[in-house]
Amino acid sequence: MLPPLFRKEMQGLAGHALRCRALLAQDVAKRTLSSMPSGASSPNAPSTSSLPWFIDPSEAEPSTPSPYQRRVSVPQAPSRPLPPLPSSLPADHPIARLHAELKASPHLEPGTLLVREPIPTAVGPPLPESMPRGRRKRGRTYVGEGFAENMAGLWEWLVIAQVKEGTENRGAIESVIRIVRKALLTGDPPVSLPPNNKRKVVGGWAMIDAGDFAVHILSQEAREKYFPDRRDW
């Protein structure tokens, strides 16, 4: 036979368990009713179907839109149209095939691939004549005859390819160089190129000498500095 004190404690625990069971059954019934579809609801009201079972829908805070949902996409600048090939360039010229390969490259800035003739450089004033001086006869300014006959430049055509801004130091120029060399060396007939130089990029600018034309692969800063659209000097 149990002592009176122990019997009293057991009765209290049993009554507490009955009360907890009744509260739990009442809470389950309330949640079942609240999850049933109802009429129009507020757009900011939280969805009861997405709430965990341990959260009371009446105490949940109204959901706020995510900052990623509120973020408006930044409008992109329209890409420039690609300049066409010069009409004086033969259709079977190696530049035509190279142009088709480069305009499909994802490393180039859209609309910046350009094929043009070199800009003629005006002849400057002649240097004042001076005779050699000293024991080693240095300082004479005469350089010979015949150089001023052809001032058009070393190449007949220039191909200017600008990589996307910020990618010049991440291998974009090297990737375009590989495209250029592959397109020219595998052509019919192939174009003779100098050996591949490991240190071919200097200051965001690389050049490939292809005989009668040159290919310049450069960054936006280098293009604005060395190949401006117009020259005022």
Side-chain angles (χ1 to χ4, degrees), residues 79-124 127 138 141-231 233:
S79 58
R80 293 163 40 180
L82 185 66
L85 290 173
S87 57
S88 57
L89 183 71
D92 57 347
H93 198 280
I95 293 181
R97 180 184 178 186
L98 177 62
H99 187 271
E101 294 288 339
L102 288 179
K103 70 180 182 181
S105 173
H107 303 289
L108 297 184
E109 192 73 34
T112 58
L113 181 60
L114 178 64
V115 179
R116 63 170 174 82
E117 297 180 357
I119 298 177
T121 303
V123 179
L127 295 175
R138 295 179 176 178
T141 57
Y142 178 73
V143 295
E145 300 289 344
F147 181 74
E149 295 178 359
N150 183 14
M151 296 299 294
L154 301 177
W155 303 283
E156 297 179 3
W157 298 98
L158 295 180
V159 181
I160 302 174
Q162 176 187 326
V163 299
K164 292 182 179 179
E165 185 178 3
T167 63
E168 59 271 9
N169 296 325
R170 294 187 290 175
I173 296 181
E174 289 81 358
S175 298
V176 177
I177 290 176
R178 289 192 291 269
I179 295 175
V180 172
R181 293 186 64 89
K182 181 178 179 180
L184 296 179
L185 292 175
T186 59
D188 187 20
V191 179
S192 299
L193 298 178
N196 195 7
N197 186 10
K198 294 182 179 179
R199 300 183 59 185
K200 47 186 171 288
V201 181
V202 178
W205 181 12
M207 188 199 73
I208 299 177
D209 188 354
D212 61 343
F213 66 94
V215 183
H216 299 271
I217 305 102
L218 30 72
S219 62
Q220 179 180 358
E221 182 180 0
R223 178 169 185 168
E224 293 175 353
K225 182 177 181 181
Y226 301 109
F227 295 91
D229 296 335
R230 54 174 298 179
R231 292 182 177 180
W233 40 268

Are any of the side-chain heavy atoms of W157 and R116 separated by less than 4.5 Å? no
Neighbour count >12 (heavy atoms, 6.0 Å) for atom CG, D188: no
Does atom CD of E221 have more than 12 heavy-atom neighbours from other groups under 6.0 Å away? no
Exercise: identify the closest heavy-atom pair between G111 and P83: O-CD, 3.7 Å
Give the intermediate values and the outcome of side-chain contact (heavy atoms from CB on, under 4.5 Å) for residues T186 and R97. CA-CA 10 Å; T186 59; R97 180 184 178 186; 3.4 Å; yes
Rounded distance [0.5 Å steps], CZ in R181 versus CG in N196: 4.5 Å
Quick one, V163 and L218 - any side-chain contact, counting heavy atoms below 4.5 Å? no
Using 0.5 Å steps for rounding, measure from the CD1 atom of I177 to the NE2 atom of H107. 11.5 Å
Of Q162, E168, K225, which meets side chain to side chain contact (heavy atoms under 4.5 Å, CB included) against S219? E168
Residue pair P190 / L185: nearest heavy atoms and the distance that separates them: CB-O, 3.2 Å
Considering all heavy atoms, the nearest A91-A96 contact: O-CB, 3.6 Å
Under 4.5 Å between any side-chain heavy atoms of H99 and L85, yes or no? yes
Per the side chain to side chain contact (heavy atoms under 4.5 Å, CB included) rule, which among L108, L114, L113 passes with L82? L113
Considering all heavy atoms of both residues, which atom of A222 and which atom of G203 are nearest to each other, and what is their separation? CB-O, 4.1 Å
Heavy-atom side-chain proximity of V215 to M207 below 4.5 angstrom: no
Mind telling me whether W205 and F227 have parallel, tilted or perpendicular rings, with 30° and 60° as the class edges? perpendicular
Nearest heavy-atom pair of V201 and I173: which atoms, and what distance? CG2-CG2, 3.6 Å
Starting from the C-alpha separation in whole Å, work towards a yes-or-no answer on side-chain contact (heavy atoms from CB on, under 4.5 Å) for V159 and L102. CA-CA 10 Å; V159 181; L102 288 179; 4.3 Å; yes
Is there a donor-acceptor pair closer than 3.5 Å between any side-chain N or O of R223 and the backbone N or O of I217? no
Does some side-chain heavy atom of V115 sit less than 4.5 Å from a side-chain heavy atom of F213? no
Output yes when a side-chain donor or acceptor of K164 lies under 3.5 Å from a complementary backbone atom of P110, and no otherwise. no
Is the distance between the ring centroids of Y226 and H216 less than 6.0 Å? no
Taking atom types as modelled, find out whether S175 and R178 have a side-chain donor-acceptor pair closer than 3.5 angstrom. yes
Heavy-atom check, side chain of P118 versus side chain of E156, under 4.5 Å: no
